[in-house]
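To start, the structure itself, in C-alpha cells.
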Amino acid sequence: MVWLVVHLVATAMLAGVAWASLGVIYPAFALVGAAEWPSYHAAHVRAITRVIVLPWVAQGVSTAALLLDPPRGEFAAAVALAALALAAVVLTFAGAVPAHNRLGAATTPDGRFWPR
C-alpha cells in the first residue's frame, strides 16, 4: 500500500508541474526579451529538470515495486499504472525535448509560443 501512495503522490506532483508549466510558465516565455532569452531558457531547463527528477524517480521505483509486489489481486492494476507511467515518460520525451530544442533556438517571442 505504501508504494501505491508513493506512486500516486509522485504522479500528482508531475501532473501539477505539467499544468503549471502549460498554464503559467510557457505562456510567460513570450515576455522575456530577445537578449535575455538564451540564458533564461537554459535556466528554465535546469530548474525544471531539478523539479521533476525526484518525482520521476519515485514514480519509477514505485512502479517497479508495485509490479514486483502488487497489492493482493491487483496485478492487472499495477500493470495498468506501469503502462500509464511509461506512456507519460515516452510522451514527455517525444514532445518536450523537441519542443524545448525549438524554444531554445527561438529568436522572437512569437517563436516561443507553447505549444507549437
Side-chain angles (χ1 to χ4, degrees):
M1 183 63 144
V2 170
W3 287 116
L4 182 58
V5 172
V6 170
H7 185 82
L8 293 175
V9 168
T11 300
M13 289 174 67
L14 291 165
V17 169
W19 281 104
S21 294
L22 291 172
V24 178
I25 297 168
Y26 294 134
F29 280 0
L31 303 174
V32 179
E36 296 85 7
W37 175 248
S39 62
Y40 183 89
H41 182 258
H44 164 78
V45 170
R46 285 189 306 276
I48 203 73
T49 299
R50 287 191 299 267
V51 168
I52 65 170
V53 164
L54 183 60
W56 252 358
V57 168
Q59 188 182 48
V61 170
S62 64
T63 297
L66 287 168
L67 287 172
L68 293 171
D69 187 22
R72 185 168 301 146
E74 299 297 332
F75 183 73
V79 169
L81 285 176
L84 290 170
L86 179 62
V89 171
V90 168
L91 290 171
T92 298
F93 275 96
V97 171
H100 272 285
N101 288 339
R102 283 193 309 274
L103 283 169
T107 57
T108 66
D110 288 344
R112 294 184 224 131
F113 179 73
W114 188 285
R116 197 110 171 98

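FYI, the numbering just counts along the sequence from 1. What you see is a predicted model; the values in this text were computed from it and never measured.
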All pairs passing side-chain hydrogen bond (donor to acceptor under 3.5 Å, both in side chains) where residues 64-93 contributes a residue, at least two apart: none
Closest contact, heavy atoms only, S21 versus P27: O-CD, 3.8 Å
Contacts of W56 that satisfy ring pair (Phe, Tyr, Trp, His ring centres under 6.0 Å) - sequence neighbours left out: F93
Connected via hydrophobic side-chain network under 4.5 Å: V6 and V89: no
All N/O donor-acceptor pairs, side-chain side in residues 40-47, below 3.5 Å, sequence neighbours left out:
| unit_1 | atom_1 | unit_2 | atom_2 | d |
| --- | --- | --- | --- | --- |
| H41 | NE2 | H100 | ND1 | 2.9 |
| R46 | NH1 | A42 | O | 3.4 |

Common cluster, I48/L14, ILVMFWY with side-chain heavy-atom separation under 4.5 Å: yes
Co-membership, hydrophobic cluster, residues V97 and Y26, 4.5 Å side-chain: no
Shortest non-hydrogen contact from A35 toward P38: O-CD, 3.7 Å
Identify all side-chain donor-acceptor contacts of residues 58-67 below 3.5 Å with residues at least two apart in sequence or on another chain.
| unit_1 | atom_1 | unit_2 | atom_2 | d |
| --- | --- | --- | --- | --- |
| Q59 | NE2 | T11 | OG1 | 3.0 |
| S62 | OG | H7 | ND1 | 3.1 |
| S62 | OG | A58 | O | 2.8 |
| S62 | OG | Q59 | O | 3.0 |
| T63 | OG1 | H7 | ND1 | 3.2 |
| T63 | OG1 | Q59 | O | 2.7 |

Hydrophobic cluster membership, L81 vs L86, 4.5 Å side-chain cutoff: no
Residues forming a side-chain contact (heavy atoms from CB on, under 4.5 Å) with V5, sequence neighbours excluded: V9
In one Ile/Leu/Val/Met/Phe/Trp/Tyr side-chain cluster, 4.5 Å: V2, L8: yes
Members besides W19 in its Ile/Leu/Val/Met/Phe/Trp/Tyr cluster (side-chain heavy atoms under 4.5 Å): none
